[in-house]
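Comments concern the structure below.
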Amino acid sequence: MSLREQAYSILIVSARDNFTSAFADLLPETRYFPIHTAASVSAAKRMLAEKTFDFVIINAPLPDDIGTRFAIDICTSKQSSVLLLVKSDIHDGIHDKVVEHGVFTLPKPTSKTTFIYALNWMESARERLRQFEKKSLSIKEKMAEIRLVNKAKWILISELKMSEPDAHRYIEKQAMDRCVTKQTIAEEIIKTYT
């Protein structure tokens with residue numbers, strides 16, 4: 001799928017309905033879908049506990065918090081791109097607090113063009129996060145395979161009195177001879193001896 005075909009899910013967190021509807025109107029449904037809304041940090045946290053969003057857009061302040069800590073928490077615990085909109089007179093201070101955590105900021109009021117640019121930057125950040133997710137998943141899968149093969153080797157060592165290098169060679173040779181993965185051989189060994 002090309003990036004032009006990619007759809008991004010969005011959570012808009014704003015106490016102001018007029019902001020929410022105006023912002024949602026800027027977003028073409030073919031590119032940004034689904035769009036969910038929350039009117040407070042606590043409501044947004046409940047939604048984030050149930051679902052992951054590509055983008056979280058926070059219109060600060062909110063009734064139960066300014067949103068700064070919330071934005072940081074999302075960036076450190078979720079795979080979402082976060083945009084925090086704050087009043088222009090406090091923008092620089094807020095930006096300095098959140099930038100190291102990966103939160104994008106915009107001063108209010110801002111133009112439609114600036115919003116669109118911000119969404120483009122968020123898309124870039126989200127795609128980079130996707131790449132990290134893939135690499136992380138690949139590493140986790142590889143580590144799981146290594147643990148499984150090691151478990152099978154220890155079974156061969158204890159049950160068939162093989163040396164560690166012999167057990168390793170046995171698993172590799174079986175995988176090559178049968179054109180299957182070492183993980184498949186390891187699973188068979190574990191199933192046979194346990």
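When a residue number appears, it is its place in the shown sequence, counting from 1.
- Every residue two or more places apart in sequence or in another chain that forms a ring-ring contact (aromatic ring centres under 6.0 Å, His included) with Phe115 is listed here: Phe23.
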Start with the C-alpha distance between Thr37 and Asp17, add both sets of side-chain angles, then the distance that settles side-chain contact (heavy atoms from CB on, under 4.5 Å), and finish with yes or no.
-> CA-CA 10 Å; Thr37 60; Asp17 290 337; over 6 Å; no
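- Contact check for Phe53 versus Arg126: no side-chain heavy atoms found under the 4.5 Å cut-off.
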Take Lys97 and Val103, measure what side-chain contact (heavy atoms from CB on, under 4.5 Å) needs, and give me the verdict at the end.
-> CA-CA 9 Å; Lys97 287 181 188 174; Val103 178; over 6 Å; no
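- Annotation: side chain of Ile90 is in contact with side chain of Ile66 (closest heavy-atom distance under 4.5 Å).
- Formation of a donor-acceptor pair under 3.5 Å by the Ser80 side chain with backbone atoms of Val82 is not found in this model.
- The shortest distance between side-chain heavy atoms of Val56 and Leu48 falls below 4.5 Å.
- Connection of Leu119 to Val98 is not established within any shared hydrophobic cluster, with ILVMFWY side chains joined at heavy-atom distances below 4.5 Å, either directly or through further cluster members.
- With hydrophobic clusters built from ILVMFWY side chains whose heavy atoms lie under 4.5 angstrom apart, Leu27 shares a cluster with Phe104.
- In this structure, CD1 on Ile190 lies 9.5 Å from CD on Gln183, to the nearest 0.5 angstrom.
- When the side chains of ILVMFWY residues are joined at heavy-atom separations under 4.5 Å, either directly or via intervening members, Ile12 and Leu62 end up in two distinct hydrophobic clusters.
- Not counting sequence neighbours, the partners of Glu145 by the salt bridge (charged side-chain N to carboxylate O under 4.0 Å, His left out) test are Lys142.
- The local environment of NZ in Lys87 is sparse, with at most 12 non-hydrogen atoms from other residues, nucleotides or ligands closer than 6.0 Å.
- From Thr20, atom OG1 reaches atom CG of Asn18 across 8.0 Å, with rounding to the nearest 0.5 Å.
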Test side-chain contact (heavy atoms from CB on, under 4.5 Å) applied to Ile185 and Val180, step by step | CA-CA 7 Å; Ile185 299 300; Val180 296; 3.6 Å; yes
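- With sequence neighbours left out, Glu164 forms a salt bridge (charged side-chain N to carboxylate O under 4.0 Å, His left out) with Lys153.
- Under the ring-ring contact (aromatic ring centres under 6.0 Å, His included) criterion, His95 pairs with His91, sequence neighbours left out.
- With hydrogens and angles ignored, the 3.5 Å screen pairs no side-chain donor or acceptor of Lys151 with any backbone N or O of Ala186.
- Within the 4.5 Å cutoff, the side chain of Thr192 has no heavy atoms near those of the Ile155 side chain.
- Linking Ile, Leu, Val, Met, Phe, Trp and Tyr residues whenever their side-chain heavy atoms come within less than 4.5 Å places Met122 and Tyr117 in a single cluster.
- When all heavy atoms are compared, the tightest approach of Ala7 to Phe33 is CB-O, 4.3 Å.
- The backbone N or O of Asp54 sits less than 3.5 Å from a side-chain atom of Ser9, completing a donor-acceptor pair.
- The aromatic rings of Tyr32 and Phe55 lie tilted to each other, with the angle between the two planes from 30° to 60°.
- Annotation: side chain of Ile171 is in contact with side chain of Leu156 (closest heavy-atom distance under 4.5 Å).
- Between the CD1 atom of Ile74 and the CG atom of Leu11 there is a distance of 7.0 Å, given to the nearest 0.5 Å.
- Residues forming a salt bridge (charged side-chain N to carboxylate O under 4.0 Å, His left out) with Asp177 (at least two apart in sequence, or on another chain): Lys173.
- A distance of 8.5 Å separates CD in Glu123 from CD in Gln6, rounded to the nearest 0.5 Å.
- Across all non-hydrogen atoms, the minimal contact from Ile35 to Ala24 is CD1-O, 4.5 Å.
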Residue pair Ser111, Thr113: steps toward the side-chain hydrogen bond (donor to acceptor under 3.5 Å, both in side chains) verdict = CA-CA 5 Å; Ser111 69; Thr113 304; 4.6 Å; no
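- Between His36 and Lys51 there is a side-chain heavy-atom pair separated by less than 4.5 Å.
- Atom NE2 of His101 and atom OG1 of Thr76 lie 7.5 Å apart (nearest 0.5 Å).
- The heavy-atom pair separating Gly67 from Ile58 by the smallest distance is O-CD1, 4.2 Å.
- Closest heavy-atom contact between Ala44 and Val13: CB-CG2, 3.7 Å.
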Carefully, step by step, assess Gln174 and Glu188 under the rule side-chain contact (heavy atoms from CB on, under 4.5 Å).
-> CA-CA 11 Å; Gln174 287 293 313; Glu188 290 174 2; over 6 Å; no
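- Nearest heavy atoms, Ala118 versus Leu106: CB-CD1, 3.8 Å.
- Rounding to the nearest 0.5 angstrom, the gap separating the CD1 atom in Ile57 from the CG atom in Leu84 is 11.0 Å.
- Residues satisfying the ring-ring contact (aromatic ring centres under 6.0 Å, His included) test with Phe70, not counting sequence neighbours, are none.
- Between the side chain of Asp64 and the backbone N or O of Ser40 there is no donor-acceptor pair closer than 3.5 Å.
- A heavy-atom distance below 4.5 Å is found between the side chains of Phe19 and Leu85.
- For the pair Arg147/Met143, a side-chain contact is recorded, criterion being any heavy-atom separation below 4.5 Å from C-beta on.
- Cluster membership for Leu160 and Ile157, using ILVMFWY side-chain heavy atoms within less than 4.5 angstrom, is not shared.
- Nearest heavy-atom pair, Ala152 versus Ile189, reported as atom, atom and distance to 0.1 Å: O-CG2, 3.9 Å.
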